[in-house]
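It should be emphasised that the depicted structure is a prediction, and the values quoted were computed from it without experimental measurement. Quick note on labels: first sequence line is chain A, next is B, and so on, each numbered from 1. Heavy-atom basis, side chains included; hydrogens, waters and symmetry copies ignored.
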Protein chains: 4
Amino acid sequence: MELAVSLQRNKSAGRPRSTASEAAVIAATAELLKERPLRDLTIEEIARKAGVGKQTIYKWWNSKSAVALDAFCKTMLKEVEVPDTGSLLEDMARQLRSVTHFYKSKAGDAFRQFLAEAQSDEEFRRLFLKVFLKPRRDEVRVMWERAIERKEIAADTDPEIAMDNLYGPLIFRLMSGHGSLSENVTQQIAQNAFWGIATEKVHAAYRKRTSER
Amino acid sequence: MELAVSLQRNKSAGRPRSTASEAAVIAATAELLKERPLRDLTIEEIARKAGVGKQTIYKWWNSKSAVALDAFCKTMLKEVEVPDTGSLLEDMARQLRSVTHFYKSKAGDAFRQFLAEAQSDEEFRRLFLKVFLKPRRDEVRVMWERAIERKEIAADTDPEIAMDNLYGPLIFRLMSGHGSLSENVTQQIAQNAFWGIATEKVHAAYRKRTSER
Amino acid sequence: MELAVSLQRNKSAGRPRSTASEAAVIAATAELLKERPLRDLTIEEIARKAGVGKQTIYKWWNSKSAVALDAFCKTMLKEVEVPDTGSLLEDMARQLRSVTHFYKSKAGDAFRQFLAEAQSDEEFRRLFLKVFLKPRRDEVRVMWERAIERKEIAADTDPEIAMDNLYGPLIFRLMSGHGSLSENVTQQIAQNAFWGIATEKVHAAYRKRTSER
Amino acid sequence: MELAVSLQRNKSAGRPRSTASEAAVIAATAELLKERPLRDLTIEEIARKAGVGKQTIYKWWNSKSAVALDAFCKTMLKEVEVPDTGSLLEDMARQLRSVTHFYKSKAGDAFRQFLAEAQSDEEFRRLFLKVFLKPRRDEVRVMWERAIERKEIAADTDPEIAMDNLYGPLIFRLMSGHGSLSENVTQQIAQNAFWGIATEKVHAAYRKRTSER
DNA sequence: CTATAACCGAGACGGTACGTCAGGTCTTCGC
DNA sequence: GCGAAGACCTGACGTACCGTCTCGGTTATAG
């Protein structure tokens, strides 16, 4: 019980890390990240704004992207909503509404910056995957697992692919900007993804309740 | 940039634009783009490698991304294959195989770099959309228009969304690297996209030919 | 005749070196050098004060000491007075008075800084020797050559050693600060140096004119 | 610094100064000082090499030069040889031989570094004068006092100036590097200095023993 | 036998400067 | 007048030390 604590402390001599500095860096970075693209941040500016030495940043983070990701996770992130309405279509529609709201926010801008950054920094790609993307997907995956239990989708459905079917189109749309992300569009995407993965039985049930498509 | 140059102004005095320089810049950039991420290219290096003054580059292109995009379009791009098998599912499967091959090539790396770059450079995003993405989508759109004619999908289906359903998951997978892009996965994505947009009639016909999913 | 000139110019394309920048650097450095020891100058401060990029300084000079030496030679240096009174003793006494004046000035401070710098930078030591010390000694050497002609000193006297006998004590005094450099002291040093190198004949002649030492 | 410590205050509470740490600092510094110029030492490196906290160094010494001087005095210094042959010329020649040996050694390098350091640090200049230069000159001064007693030099000769006449040329030669310090040269310097300060009587006696110069 | 005090190592901190790199602009010459 | 060459100012890079500041711990004397 107490063990973890006492193992944690005392492990090193010397002046301990300044929580104030860390917080200042995170805060400054978060603020800057809302103002401009990640690419246009500089370590110097973060240090300046945080009132912190550059070395202090380099000591605790590997790159400005790592600082930014940390700031993002600590200040810009809200809980994922994982609806459980008993209907996959409904779940997906609701979920998509909520992630769309995220994607369109400042946080969503940051998210896309990170995805962009990952294209030229393999180490960061892994970090981003580990600290943000994977945990998020793990939370959301239950939506499909529940659908499998309810037999709405086939037992051998790969939730990973299901998720890509749902989120991929959205993200691509946002990144390329070739089309808008209106309510209408997101719902269409949700429906297509649903029809794409649901079983025939569910299709039939669904068709009963609505007019033929 | 680069467009509609020659017709209007053949009267101007002075030395004409050197086609050799332009070609050298394009070639050097293409080569560099195969070696490393766009972000890590520099105008100076391109100029050095091309044996060209920096100013010459700045004169004809707005940014290194613009040079790179130009180089990409002129040297790394092959015709899109737009299959016409008479079956949307088959068309989509084939198409996806061919774009997957593209995405996994050096050219695909470059494509993702451009998408990344667009996240921090709105002007470039528009350029990329105009000179690459839109033309491509225009070519591919006929696949869905043909499917509408064949009544495989509803008349009011938006091909834009259909395309996002098909390509979005792939691109997202590649960019985030959370999963592989095996033949198996791409075919699954194609199928899901197809089931997502095809009409009930087509679903039924398809089920006849295969065992129940 | 004209050859040297035409070889000099035209040798390179590109924007020529900015004389304004060079002058600004020299001026700024000279000013700073009067305010504080060479060691406490920084390239950054010079650049800042001169309104010049650091790179411009690094391009044309190897080190801050080199800049400082250049500034010193171009702005703080006056002609050496090489007296020719027909008497070595008189020449030496006058010369020493004038160099003492130099040593005690701001320029003399700088001179000692350079000598100090040379102790930890062999490359600079050679530079200093070449551009300042050797030319100066070459100018002054004639004093002893004339004395040799007049047979005041032996024909095989080494002027280098004679000069060290004259200037060495002064410089050491100034650097260590163990004693003052009053008129009295410098004249004593001059006399000792003179007696040390003059021939017996001259000693005798000199003794006739003055009371026995 | 470092002087007159123990006698006055044996009463104070608290942990006493660690002699081990002091010795380690001195040893590490001495070693480093043999490897590179004083300017290129850093407190951090000394602390690292000595296995000591930086603060411990700052507590007991004012600057790295002070540490170095301390290390120099405690480990690199040998007794000065003050010959007493009964002849000033002989004394000077021998002395100069021995100091030349010193100047050319690692210790001599350090000595010049200190003299150099003194040009940009007035406080250190005074310290160096007090703990090294003055004591040394005090020891050597008797050479001239004995010569005065023997009436080899005038009663009012200033030994300080005499010393400068002897050592100054050597030191300047070494610092500027404009000439070598061969046996031949040092003996010439010694002779010149001797002739410069000896009385006529001595000159005459000396001439009897040698051929006319 | 504590309590107090000074010391010590370790090492994090806010800074300043380093020397390098590239950006985007400018100026000159040769074609 | 175009284009190469290349110098210019700017500003960020990542590193090295500076001198200061906590920490946890150690070793003395004083009570």
What's the [atom1]-[atom2] distance between [X] and [N], to the nearest Å?
| X | N | atom1 | atom2 | answer |
| --- | --- | --- | --- | --- |
| C:I57 | E:dC18 | CD1 | P | 9 Å |
| D:I46 | F:dA16 | CD1 | P | 18 Å |
| C:N62 | E:dT20 | CG | P | 11 Å |
| D:I43 | F:dA16 | CD1 | P | 18 Å |
| A:R15 | F:dG19 | CZ | P | 17 Å |
| B:L41 | E:dG24 | CG | P | 13 Å |
| C:K59 | E:dG19 | NZ | P | 17 Å |
| B:Q55 | F:dC2 | CD | P | 12 Å |

### Test: D:E22 and D:K74 ion pair at under 4.0 Å
yes
### Query
Any salt bridge between B:K64 and B:E44, counting N to O under 4.0 Å?
no
Among [options], the nucleotide that comes nearest once only the side chain of [X] is considered:
| X | options | value |
| --- | --- | --- |
| C:R17 | F:dC8, E:dC8, F:dC18 | F:dC8 |
| A:V52 | F:dC13, F:dA5, E:dG14 | E:dG14 |
| B:E44 | F:dC17, E:dC8, E:dA22 | E:dA22 |
| C:A13 | F:dA5, E:dG23, E:dC21 | F:dA5 |
| D:K54 | F:dA16, F:dT20, E:dG19 | F:dT20 |

#### Entry: Along DNA chain E (nearest heavy atom to each residue), the more 5'-positioned of B:R48 and A:G14
A:G14
### Query
C:I43 pairs by side chain to side chain contact (heavy atoms under 4.5 Å, CB included) with which of C:I57, C:V25, C:T29?
C:I57
### Query
Does atom CD of C:E123 have more than 12 heavy-atom neighbours from other groups under 6.0 Å away?
no
## Note on the structure
Comparing nearest nucleotides in DNA chain F, the 5'-proximal residue of the pair D:Y58, D:P16 is D:Y58
### Message
If you assign each of C:G53 and B:G53 to its closest nucleotide in DNA chain F, which residue comes earlier from the 5' end?
### Response
B:G53
For [N] and [X] - does any side-chain N or O of the residue sit under 4.0 Å from the phosphate oxygens OP1/OP2?
| X | N | value |
| --- | --- | --- |
| C:S21 | F:dC9 | yes |
| A:W60 | E:dC13 | yes |
| A:T56 | E:dG14 | yes |

### Task
Provide the closest heavy-atom pair for C:A28 versus C:I46 in the form atom of the first, atom of the second, distance.
CB-O, 4.1 Å
